[in-house]
Peer 1: 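Right, I'll just put the structure down here and ask away after.
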Amino acid sequence: MNNERLRSLLEQYFNDAISGTDREELLSYLNNNPGEVFSAVDEEMLNLEGAPEFDNTHAQKVLADIKADSRFKDDTIIPLPVTGKNNIVKLYAGWMKIAAAVLIFVSVGFYFVRRQKMGAVKNEVANTTARIVPGSNKAILTLATGKSIVLDSAANGALANLGKSQVNKVGDGKLVYDVLPNATHAGVNAVLYNTLTIPPGGQYQVVLPDGTQVWLNSSSSLSYPTEFAGNSRTVKLTGEAYFEVAKNKDKPFYVEMNNVQVKVLGTHFNISAYADDNDLTTTLLEGSVQISKNGSQALLKPGQQAVIGSNANAITVSKAHINEAMAWKNGYFMFNDDNIVDIMKKVSRWYDADVEYQGNFSTQRFGGTFTRSKSITDLLKNLEQISNVHFKITGRRITVMQ
């Protein structure tokens with residue numbers, strides 16, 4: 001990791017503006033390279049010109065949070081003078097060295113340290129809406145060996161040889177598994193499982209070894225073998241995904257989640273199976289699928305959807321809202337008489353933001369279509385215009401108010 005990337009992640013971390021994927025990347029890197037924090041602290045980063053001031057109460061809370069973090073075990077203090085300043089940077093041994101890169105104690109209060117690029121617009125902490133940005137192509141690939149690869153920072157090309165497949169990153173936001181029928185490397189005949197995890201604020205596409213294409217929404221994961229051996233093809237899903245299954249009448253394709261199984265031969269369908277949603281919904285665009293849960297079964301035709309309550313076995317089949325189900329894949333939010341809680345779940349996943357509520361919104365319903373590339377400010381303003389709901393953004397938290 002170069003210094004510019006490290007400095008950027010450190011700033012985001014201590015401004016509480018870092019995504020889950022970037023947080024894992026930063027902590028993993030510093031755990032393996034603890035000394036690198038010093039190379040990221042240069043005079044440019046330690047420039048206090050225009051840095052946002054925090055009162056003593058706020059600063060003491062920040063410092064207490066750092067000390068309470070389980071990673072900060074050693075509280076040995078090593079004073080280090082800052083060149084050209086009358087300030088002292090407190091460096092803590094071990095993980096506390098990371099805190100030193102961003103906390104400076106000064107006589108008039110506490111400041112968060114920012115790096116200011118020449119000619120760049122200043123990133124004022126007071127501008128809290130800048131901390132929440134639309135999602136993008138990001139994911140973590142966990143191999144059968146346990147190794148994790150942060151895909152948004154990985155270079156294009158071959159990532160690993162796994163059994164009889166080679167996994168390749170072929171562009172921004174896409175993985176492809178290529179079958180290697182003549183492979184002879186060690187472990188070539190092993191059936192290995194990979195997991196593709198999409199953090200909040202992410203999305204990604206994967207082409208499985210059989211040619212099946214899967215698009216994964218934010219806060220989702222897919223586990224699958226690197227080779228579909230035997231008489232069936234089975235994957236496990238959490239969250240939401242759209243599938244275009246490669247046809248093979250002799251080897252049916254199964255998607256498993258939350259005690260529900262979807263069986264297909266070759267078809268296009270969307271599954272929404274988030275653990276914090278009340279229902280699991282399968283929407284069929286093309287072909288046919290069979291849904292089953294604990295003995296209950298239903299066969300879907302194109303244009304139909306099946307809904308199963310999280311605490312029920314009954315399967316309800318009805319006409320599908322195709323555009324609504326596919327909106328996320330096509331880059332939109334589409335709300336159709338939805339309550340604000342369900343709307344904000346989708347917003348929270350895509351923008352990687354926390355949501356809290358002040359008031360009772362159970363009777364209010366909303367509709368509309370919005371692009372997912374909108375800034376969070378524009379999206380919330382649009383929602384305010386069609387409702388009596390108001391929003392406040394504080395850091396990465398959105399408060400919903402009446």
Side-chain angles (χ1 to χ4, degrees), residues 21 135-145 147-183 185 188 190-199 202-218 220-230 232-257 262-273 282-287 289 325-326 328-331:
T21 302
S136 59
N137 295 324
K138 59 182 71 172
I140 299 172
L141 175 65
T142 303
L143 306 179
T145 60
K147 178 182 178 181
S148 294
I149 301 173
V150 180
L151 296 178
D152 31 313
S153 59
N156 290 344
L159 301 178
N161 287 338
L162 308 157
K164 292 183 179 178
S165 294
Q166 182 182 75
V167 59
N168 304 280
K169 180 181 177 183
V170 299
D172 184 23
K174 187 174 182 179
L175 277 185
V176 175
Y177 283 77
D178 292 328
V179 177
L180 304 174
N182 299 318
H185 59 268
V188 67
V191 177
L192 306 173
Y193 281 81
N194 288 180
T195 298
L196 186 61
T197 302
I198 317 302
Q203 62 181 8
Y204 224 80
Q205 180 184 358
V206 58
V207 180
L208 300 178
D210 66 335
T212 292
Q213 299 187 67
V214 187
W215 288 257
L216 287 151
N217 202 353
S218 51
S220 303
S221 70
L222 187 73
S223 295
Y224 48 88
T226 58
E227 177 192 6
F228 289 111
S232 64
R233 299 168 287 170
T234 301
V235 301
K236 295 183 179 181
L237 171 71
T238 65
E240 184 169 22
Y242 170 71
F243 293 80
E244 292 187 355
V245 177
K247 293 183 179 180
N248 186 340
K249 65 180 181 179
D250 298 322
K251 188 176 288 191
F253 191 97
Y254 295 91
V255 183
E256 297 179 347
M257 62 269 143
V262 176
K263 175 183 177 181
V264 304
L265 294 177
T267 189
H268 299 179
F269 60 97
N270 189 81
I271 298 177
S272 180
T282 302
T283 305
L284 182 63
L285 283 72
E286 178 184 307
V289 298
M326 296 303 300
W328 73 268
K329 178 181 175 291
N330 296 327

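Atom set for the values below is all heavy atoms of this structure, side chains included, hydrogens, waters and symmetry mates excluded.
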Peer 1: Would Trp328 and Asn330 count as a side-chain contact (heavy atoms from CB on, under 4.5 Å) if you check the C-alpha gap in whole Å, the side-chain angles of each, and the deciding distance to 0.1 Å?
Peer 2: CA-CA 5 Å; Trp328 73 268; Asn330 296 327; over 6 Å; no
Peer 1: Enter the distance from Ser272:OG to Asn217:CG here, rounded to the nearest 0.5 Å.
Peer 2: 8.0 Å
Peer 1: Between His268 and Leu284, which heavy-atom pair has the shortest distance, and what is it?
Peer 2: O-CD1, 3.5 Å
Peer 1: Quick check: does any side chain N or O of Ser220 sit under 3.5 Å from a backbone N or O of Ser218, one acting as donor and the other as acceptor?
Peer 2: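 Between the backbone of Ser218 and the side chain of Ser220 there is a qualifying donor-acceptor contact (under 3.5 Å).
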Peer 1: Is there side-chain contact between Gln205 and Gln213, with heavy atoms separated by less than 4.5 Å?
Peer 2: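 The answer is yes, as the side chains (C-beta and beyond) meet within the 4.5 Å cut-off.
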Peer 1: What residue among Ile140, Leu151, Val214, Val167 forms side chain to side chain contact (heavy atoms under 4.5 Å, CB included) with Leu196?
Peer 2: Leu151
Peer 1: Please tell me if the side chains of Thr142 and Lys147 come closer than 4.5 Å, counting only heavy atoms from C-beta onward.
Peer 2: no
Peer 1: Quick check: closest heavy atoms across Glu240 and Ala325, and the distance to 0.1 Å?
Peer 2: OE2-O, 4.2 Å
Peer 1: Can you check whether Ala158's main-chain N or O pairs, donor with acceptor, with Lys169's side chain at less than 3.5 Å?
Peer 2: no
Peer 1: Pairs in or reaching into residues 149-181: which pass ring pair (Phe, Tyr, Trp, His ring centres under 6.0 Å), with residues at least two apart or in two chains?
Peer 2: Tyr177-Tyr224
Peer 1: Which heavy atom of Ile271 sits nearest a heavy atom of Thr282, and at what distance?
Peer 2: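 Closest approach of Ile271 to Thr282, heavy atoms only: CG1-OG1, 4.0 Å.
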Peer 1: Return the minimal non-hydrogen interatomic distance between Leu216 and Ala241, and the atom names on each side.
Peer 2: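 In this case the closest contact between Leu216 and Ala241 is CD2-CB, 3.7 Å.
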Peer 1: Could you walk me through whether Thr283 and Phe269 pass the side-chain contact (heavy atoms from CB on, under 4.5 Å) check?
Peer 2: CA-CA 6 Å; Thr283 305; Phe269 60 97; over 6 Å; no
Peer 1: Work out which heavy atom in Pro209 is nearest to a heavy atom in Phe228; give both atom names and the distance.
Peer 2: CD-CE1, 4.0 Å
Peer 1: Can you tell me how far CG of Asp250 sits from OG of Ser232, rounded to the nearest 0.5 angstrom?
Peer 2: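 That separation rounds to 12.5 Å.
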Peer 1: Answer yes or no: is there a donor N or O on one side and an acceptor on the other, between the side chain of Lys251 and the main chain of Gly230, under 3.5 Å?
Peer 2: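 Pair found, side chain donor or acceptor close to backbone of Gly230.
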Peer 1: Please name the residue in the list Tyr254, Tyr193, Phe253 that meets the side chain to side chain contact (heavy atoms under 4.5 Å, CB included) test with Val235.
Peer 2: Phe253
Peer 1: Sub-3.5 Å donor-acceptor pair from the side chain of Arg233 to the main-chain atoms of Ala246, do we have one?
Peer 2: yes
Peer 1: In sequence, state the C-alpha distance, the side-chain angles, and the governing distance for Val207 and Lys174, and then conclude on side-chain contact (heavy atoms from CB on, under 4.5 Å).
Peer 2: CA-CA 8 Å; Val207 180; Lys174 187 174 182 179; 3.7 Å; yes
Peer 1: From the options Asn161, Asp178, Thr226, select the one residue that forms a side chain to side chain donor-acceptor pair (under 3.5 Å) with Gln166.
Peer 2: Asn161
Peer 1: Less than 4.5 Å apart, any side-chain heavy atom of Leu175 and any of Leu159?
Peer 2: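 Yes, at least one pair of side-chain atoms sits under 4.5 Å.
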Peer 1: Side-chain contact, heavy-atom cut-off 4.5 Å: Leu285 with Met326?
Peer 2: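 Leu285 reaches Met326 side chain to side chain.
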Peer 1: Out of curiosity, Thr145 OG1 to Leu162 CG, how far, rounded to the nearest 0.5 Å?
Peer 2: 8.0 Å
Peer 1: Considering all heavy atoms of both residues, which atom of Thr195 and which atom of Ser221 are nearest to each other, and what is their separation?
Peer 2: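 In this case the closest contact between Thr195 and Ser221 is CG2-CB, 4.4 Å.
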Peer 1: Which residues satisfy the ring pair (Phe, Tyr, Trp, His ring centres under 6.0 Å) test with Tyr242, sequence neighbours excluded?
Peer 2: Trp215
Peer 1: Which one of Asp152, Ile198, Asp172, Leu141 satisfies the side chain to side chain contact (heavy atoms under 4.5 Å, CB included) criterion with Tyr204?
Peer 2: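 In the set Asp152, Ile198, Asp172, Leu141, the residue that makes a side chain to side chain contact (heavy atoms under 4.5 Å, CB included) with Tyr204 is Ile198.
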Peer 1: Can you list the residues that meet the side chain to side chain donor-acceptor pair (under 3.5 Å) rule with Asn248, with sequence neighbours excluded?
Peer 2: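 So Asn248 forms no side chain to side chain donor-acceptor pair (under 3.5 Å) with any residue.
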